[in-house]
Amino acid sequence: MPELPEVETIRRGLSTLIVGKIVQQTHNYGSPKSFPNTSADVRQFLVGAAVSDVKRRAKALLIELSSGYTLVCHLKMTGQIIVVSDHNRWGGGHPSDSFIHGLPDTTTREHIDFTDGTRLYFNDLRKFGWMKLYPTLEVPNIDFMRKLGPEPLESAFSASNFIPRVRRRNGTSIKAAVLDQTVLAGVGNIYADESLWAAKIHPACKVANVPDEKLKVLLNEVKTVMRLSIEKGGSTDKNYVNAEGKKGSYLSFAKVFRREGQPCPRCGTTIVKTRVAGRGTHLCPQCQSL
DNA sequence: CACTTGACCTGTCCGC
DNA sequence: TGCGGACAGGTCAAGT
């Protein structure tokens with residue numbers, strides 16, 4: 001569920017909450033793999049290191065350390081990263097911050113303690129997410145990173161760059177192509193549906209049948225939708241929260257996602273939910289004809 | 001090679 | 001009420 005806007009929201013939170021803090025210890029809650037303290041020789045680059053920066057690439061968080069290592073985190077579907085300060089931990093927090101008061105909970109996989117008493121929780125109900133240490137210089141070369149397409153919000157990523165990339169997937173549906181992280185990075189199911197609706201393209205339409213002009217519109221809509229969502233703190237469908245444990249409000253601005261049975265905001269036709277590219281897909285059958 | 005489907009997990013919701 | 005099954009959707013591996 002965390003897509004680009006959600007991960008970017010977490011990144012912004014982390015950069016104010018943990019940059020400059022020093023790792024004191026880590027604790028694993030019995031999760032078998034994919035966590036940094038499974039190997040002592042790697043863990044030495046975590047404990048004692050200061051957080052120097054927090055970056056994002058696609059849907060991955062990059063927590064850079066003064067040791068020359070980077071903690072790379074992918075939240076997949078249900079991952080959360082929540083930072084709790086001493087202030088909250090000892091009862092000074094706001095009563096509405098129930099996530100914070102309930103931690104750790106049954107979904108907690110790992111926590112990292114900083115020397116000032118701040119604690120970072122990595123929660124993941126479905127255990128698809130991972131957190132791994134890599135030498136910072138090698139991060140761009142790890143398999144997951146090398147295959148990624150451009151960041152949609154980089155101004156240099158224009159239609160002239162996007163169109164040939166999508167055309168490599170001419171044989172598949174436009175939705176599958178937009179979800180393909182090698183075409184462009186960071187779009188997931190929510191923002192694929194939203195941007196295809198905005199561009200008036202049927203998600204099941206073959207890429208080959210979408211004219212360049214429409215692909216150009218689509219890229220612009222992807223950018224617009226992503227920017228709005230970041231502004232709204234991302235989408236909370238079920239369990240996404242930001243680094244302070246708070247929900248995002250983008251879904252109240254969504255036009256089709258999770259709105260099956262409701263009228264299309266553009267033409268009033270009832271929004272339907274179908275299956276495209278193996279995913280639940282929301283669309284307006286009037287605006288988005290095949 | 002290009003593309004699609006299933007696996008990875010666990011909680012929730014729906015129908016019987 | 002309880003139970004089984006479908007579903008949620010990011011990414012990789014396996015299958016067509």
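Throughout, protein chains are lettered first and strands after them, A, B, ... in sequence-line order, and every chain is numbered starting at 1.
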Can you list, pair by pair, the side-chain donor-acceptor contacts under 3.5 Å of residues 1-10 of chain A, counting residues two or more places apart and other chains?
unit_1: A/Glu3; atom_1: OE1; unit_2: A/Gly188; atom_2: N; d: 2.7
unit_1: A/Glu3; atom_1: OE1; unit_2: A/Tyr191; atom_2: N; d: 3.4
unit_1: A/Glu3; atom_1: OE2; unit_2: A/Asn189; atom_2: N; d: 3.2
unit_1: A/Glu3; atom_1: OE2; unit_2: A/Ile190; atom_2: N; d: 2.9
unit_1: A/Glu6; atom_1: OE1; unit_2: A/Glu3; atom_2: N; d: 2.7
unit_1: A/Glu6; atom_1: OE2; unit_2: A/Tyr191; atom_2: OH; d: 2.5
unit_1: A/Glu6; atom_1: OE2; unit_2: A/Ser235; atom_2: N; d: 2.7
unit_1: A/Glu8; atom_1: OE1; unit_2: A/Arg11; atom_2: NE; d: 3.2
unit_1: A/Glu8; atom_1: OE1; unit_2: A/Arg56; atom_2: NE; d: 2.8
unit_1: A/Glu8; atom_1: OE2; unit_2: A/Arg11; atom_2: NE; d: 3.3
unit_1: A/Glu8; atom_1: OE2; unit_2: A/Arg11; atom_2: NH2; d: 3.0
unit_1: A/Glu8; atom_1: OE2; unit_2: A/Arg12; atom_2: NE; d: 2.9
unit_1: A/Thr9; atom_1: OG1; unit_2: A/Pro5; atom_2: O; d: 2.7

With a 3.5 Å cut-off and sequence neighbours excluded, list the donor-acceptor pairs that the side chains of residues 205-218 of chain A form with protein atoms.
unit_1: A/Asp212; atom_1: OD1; unit_2: A/Arg167; atom_2: NE; d: 3.4
unit_1: A/Asp212; atom_1: OD1; unit_2: A/Arg167; atom_2: NH2; d: 2.7
unit_1: A/Lys214; atom_1: NZ; unit_2: A/Lys200; atom_2: O; d: 2.7

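Between the P atom of C/dA6 and the NZ atom of A/Lys273 lies a distance of 15 Å, rounded to the nearest Å. Following rounding to the nearest Å, A/Gln80 (CD) and B/dT10 (C1') show an atom-to-atom distance of 14 Å. Distance A/Phe128 CZ to B/dG11 C1': 12 Å, rounded to the nearest Å. Across the protein-nucleic acid pair, A/Leu61 atom CG and C/dG10 atom P stand 15 Å apart, rounded to whole Å. Atom CG of A/Asp124 is separated from atom C1' of B/dC9 by 9 Å (rounded to the nearest Å). Between the C1' atom of C/dG10 and the CZ atom of A/Arg126 lies a distance of 9 Å, rounded to the nearest Å.
Residues forming a ring pair (Phe, Tyr, Trp, His ring centres under 6.0 Å) with A/His202 (at least two apart in sequence, or on another chain): none. Not counting sequence neighbours, the partners of A/Phe257 by the ring pair (Phe, Tyr, Trp, His ring centres under 6.0 Å) test are A/His282.
Residues in residues 203-235 of chain A take part in no ring-ring contact (aromatic ring centres under 6.0 Å, His included) pair, two or more places apart or across chains. Annotation: salt bridge (Lys or Arg N to Asp or Glu O under 4.0 Å) contacts involving residues 63-77 of chain A, sequence neighbours excluded, comprise A/Lys55-A/Glu64. Listed by first and then second residue, the salt bridge (Lys or Arg N to Asp or Glu O under 4.0 Å) pairs involving residues 281-290 of chain A amount to none (not counting sequence neighbours).
As rounded to the nearest Å, B/dC9 and C/dA13 have P atoms that lie 14 Å from one another. When the P atom is used for both B/dT5 and C/dC7, the distance is 14 Å, rounded to whole Å.
Annotation: the span from A/Gln181 atom CD to A/Leu148 atom CG amounts to 6.5 Å, rounded to 0.5 Å. From A/Ile63, atom CD1 reaches atom CE of A/Met131 across 5.0 Å, with rounding to the nearest 0.5 Å.
Closest contact between the side chain of A/Leu125 and the listed nucleotides B/dC9, C/dA8, B/dG11 involves B/dG11.
Within the 4.5 Å cutoff, side-chain heavy atoms of A/Glu244 are placed close to those of A/Leu17. Within the 4.5 Å cutoff, the side chain of A/Asp105 has heavy atoms near those of the A/Asn123 side chain. With a 4.5 Å cut-off on side-chain heavy atoms, A/Asp113 and A/His111 count as touching. In this structure, the side chains of A/Thr269 and A/Cys287 stay at 4.5 Å or more apart for every pair of heavy atoms.
The two atoms that bring A/Leu283 and A/Pro203 nearest to each other are CD2-CD, 3.8 Å, heavy atoms only.
DNA chain C is contacted by A/Phe257, A/Arg258 of residues 254-262 of chain A, taking any non-hydrogen atom closer than 4.0 Å. Near DNA chain C, defined here as any heavy-atom distance below 4.0 Å, there are no residues from residues 218-237 of chain A.
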TODO: Treat primed atoms plus P, OP1 and OP2 as sugar-phosphate and everything else as base, then score nucleotides 11-16 of chain C 5' to 3': B for base contact with protein heavy atoms under 4.0 Å, S for sugar-phosphate contact only, - for none.
DONE: BS----

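For DNA chain B, runs of at least 3 consecutive pairs of the Watson-Crick or G-U wobble type, with both hydrogen-bonding distances under 3.5 angstrom, map to B:2-8 with C:10-16, B:10-16 with C:2-8.
Side-chain atoms of A/Ser195 never come within 3.5 Å of backbone atoms of A/Glu221 as a donor-acceptor pair (strictly under, hydrogens ignored).
With salt bridges taken as basic N to acidic carboxylate O contacts below 4.0 Å, one links A/Asp116 and A/Lys21.
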Below 3.5 Å between N/O atoms, which protein atoms pair up with nucleotides 3-7 of chain B? Just atom names and distances, please.
unit_1: B/dC3; atom_1: OP1; unit_2: A/Gly171; atom_2: N; d: 2.9
unit_1: B/dT4; atom_1: OP2; unit_2: A/Thr172; atom_2: OG1; d: 2.6

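Distances shorter than 4.0 Å separate none of the side-chain N or O atoms of A/Arg167 from OP1 or OP2 on B/dA2. Close to C/dA8, at under 4.0 Å from its OP1 or OP2, lies no side-chain N or O of A/Lys238.
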